[in-house]
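What follows is one structure encoded as structure tokens, with my remarks underneath.
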Amino acid sequence: MGAANHLRVELAASPPCEAYRPLVANPSFDGRTFFSNARRSRSVAIAAFILAAALVGFATNLSMQLLNLRMQATGISGFGIGLSVAIQALGILVTAPLTKYIIASRGIRETILGAALLASTVLIAFTFITDLFVWNVMRFAFGTGLAVLFTASESLIISRADGSNRGRIVGWYATALAAGTAAGPLLVTVVGIDGSMPLLWGALLFWLSTGPLVAFLKRGEDLAPVVRSSTFTALRVAPIAFLSAFVFGVADNGGMAMLSVYSVLNGYDYVNAATLAVFATVGAIALQIPLGYSANRRDPRILLILCGLGAMLLLALLPYIVSIKPVAFGVAFGLGGLLEGLYTLGLICIAKFYRGLGISTANGYFVSMCGLGELAGPLATGTSIEYLGPPGFVFSLTVILALYVILIVMTRTPTGIDR
């Protein structure tokens with residue numbers, strides 16, 4: 001309890017007191033009807049927040065693909081594009097932990113609207129910029145807007161998750177986010193990459209994502225974290241959550257993003273390589289709800305260990321079955337689902353152990369650790385492939401997952417407030 005008291009944060013997520021006064025004074029007040037309506041209203045609000053998060057993922061991945069393809073069309077080298085992506089990721093990495101201060105100062109509603117305004121304005125401004133230095137500065141600013149919008153909206157969702165619905169809410173959220181992220185590039189095939197219209201579509205999606213968030217926030221509802229003097233103290237409560245975020249980032253950007261490269265090195269044509277990546281994406285979408293429901297009944301720490309071990313097993317099988325395409329597609333499906341599960345279960349740990357301690361604080365670090373993994377992942381697998389050939393892909397990811405499982409086993413059971 002000492003850690004809990006030291007880290008205690010007031011999380012105000014209920015209507016103001018005025019909303020309850022008429023009910024107390026009314027002798028005909030039907031408590032059963034009131035609480036039934038309250039639960040229904042809360043479920044609708046959660047569904048709206050999840051829809052908003054899916055739109056954020058949709059807009060983010062659409063924007064990423066648009067910016068990268070526009071750079072390629074203007075003749076920027078692969079290194080230049082990679083550097084620009086890294087600068088945007090750096091903006092996310094730096095800004096995500098600071099979101100709690102913005103929420104504490106401006107409130108969740110203004111924070112979300114301000115972040116959407118920044119992201120959409122910068123995205124539209126890319127239409128008029130050709131200088132590479134200015135472009136990269138703007139990508140840092142764009143990453144800042146993404147970090148605040150993503151962290152604030154995600155914090156709003158997991159603050160609604162309690163002991164009875166935690167796994168269900170986070171499972172549905174992760175599914176919606178994965179589906180939205182996967183759908184982003186599809187719009188590129190419809191709107192193209194030239195002119196201002198594709199960027200205007202991206203900006204519109206950012207604003208659409210704020211609609212459900214703002215519309216279903218009742219007057220008086222907010223996340224109100226108390227800013228601490230030591231921001232790193234929170235990491236000690238549930239380190240498995242942040243370790244999972246980092247390993248997910250490594251596995252996502254260095255594993256799933258490199259899976260098509262690995263398959264081409266093993267003789268796949270580009271169509272089959274893309275199909276393999278699609279199966280991994282479908283697995284990432286399909287398996288999050290079952291994992292979320294399982295986490296309601298089991299310790300998420302055990303499920304994280306099982307996801308890590310299962311992913312290692314599938315990676316070990318990959319070199320032997322990669323030439324048997326139907327089996328390889330099935331392995332990719334399972335691998336995508338288990339690796340995405342590290343993110344889902346890590347979020348459940350945030351909802352479980354930081355409820356009452358500071359959701360926006362913890363989630364800011366969670367997003368930041370994920371961003372750090374996204375930066376490190378391609379370096380690890382790319383270097384391993386460079387020196388070891390195709391087996392280096394499996395080797396690097398297996399070693400990272402093995403270290404992850406060992407650390408999770410060695411880490412003590414987290415302490416915190418679980419409500």
Side-chain angles (χ1 to χ4, degrees), residues 57 96 150 154 158 161 166-167 169-179 181-182 235 238-259 280-296 298-316 331-354 362-363 365-378 380-381 394 396-411 414:
F150 194 85
E154 192 167 84
I158 61 177
R166 180 186 302 120
I169 288 176
V170 176
W172 277 105
Y173 162 70
T175 300
L177 181 64
T181 302
L235 297 175
I240 60 171
F242 307 106
L243 181 60
S244 299
F246 174 77
V247 174
F248 164 77
V250 171
D252 182 53
N253 219 23
M256 293 302 96
M258 297 285 284
L259 185 60
T281 300
V282 172
I285 296 170
L287 297 187
Q288 301 321 299
I289 293 174
L291 283 172
Y293 275 74
S294 297
N296 262 355
R298 296 178 178 83
D299 182 355
R301 183 167 169 265
I302 301 301
L303 292 175
L304 284 169
I305 293 172
L306 292 176
C307 281
L309 292 174
M312 288 169 60
L313 176 62
L314 292 177
L315 281 168
V331 168
F333 177 92
L335 188 61
L338 292 176
L339 292 178
E340 185 77 20
L342 300 180
Y343 187 90
T344 301
L345 295 169
L347 271 185
I348 289 173
C349 289
I350 296 291
K352 180 179 176 68
F353 298 112
Y354 286 89
N363 197 55
Y365 284 116
F366 187 85
V367 172
S368 188
M369 290 297 290
C370 184
L372 183 61
E374 297 274 359
L375 281 174
T381 54
V394 171
S396 58
L397 286 179
T398 302
V399 168
I400 290 167
L401 287 168
L403 292 173
Y404 167 73
V405 169
I406 292 170
L407 288 173
I408 293 293
V409 170
M410 294 174 59
T411 303

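The minimum heavy-atom distance linking Ala311 with Leu338 is given by the pair N-CD1, 3.6 Å. Of all the heavy atoms in Leu314 and Val331, the pair that sits closest is O-CG1, 3.7 Å. Across all their heavy atoms, Gly337 and Leu287 have their closest contact at CA-CD1, 3.6 Å. Across all non-hydrogen atoms, the minimal contact from Ile350 to Ala241 is CD1-CB, 3.9 Å. In terms of heavy atoms, Phe333 sits closest to Val282 at CE1-CG1, 3.8 Å. Between Leu342 and Cys307 the shortest heavy-atom distance is CD2-CB, 4.0 Å.
A heavy-atom distance below 4.5 Å is not found between the side chains of Asn296 and Ile348. Looking at Asp252 and Leu339, their side chains never come closer than 4.5 Å, going by heavy atoms from C-beta outward. Counting heavy atoms from C-beta on, the side chains of Leu177 and Phe150 come closer than 4.5 Å. You'll find the side chain of Leu335 reaches within 4.5 Å of the side chain of Met256, heavy atoms only.
Atoms CD1 and OH, from Ile305 and Tyr404 in turn, are 8.0 Å apart once rounded to the nearest 0.5 Å. Taken from CG in Leu345 to CD in Gln288, the straight-line distance is 7.5 Å, to the nearest 0.5 Å. Rounding to the nearest 0.5 Å places CG of Leu372 at 13.5 Å from OH of Tyr365. Rounding to the nearest 0.5 Å gives a distance of 12.0 Å between CD1 of Ile408 and CG of Leu306. Taking OG from Ser294 and CD1 from Ile302, the interatomic distance works out to 13.0 Å, rounded to the nearest 0.5 Å. Between the OH atom of Tyr293 and the CZ atom of Arg298 there is a distance of 14.5 Å, given to the nearest 0.5 Å.
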One pair to check against side chain to side chain contact (heavy atoms under 4.5 Å, CB included): Leu347 and Asn363. What are the steps and the verdict?
CA-CA 8 Å; Leu347 271 185; Asn363 197 55; 3.5 Å; yes
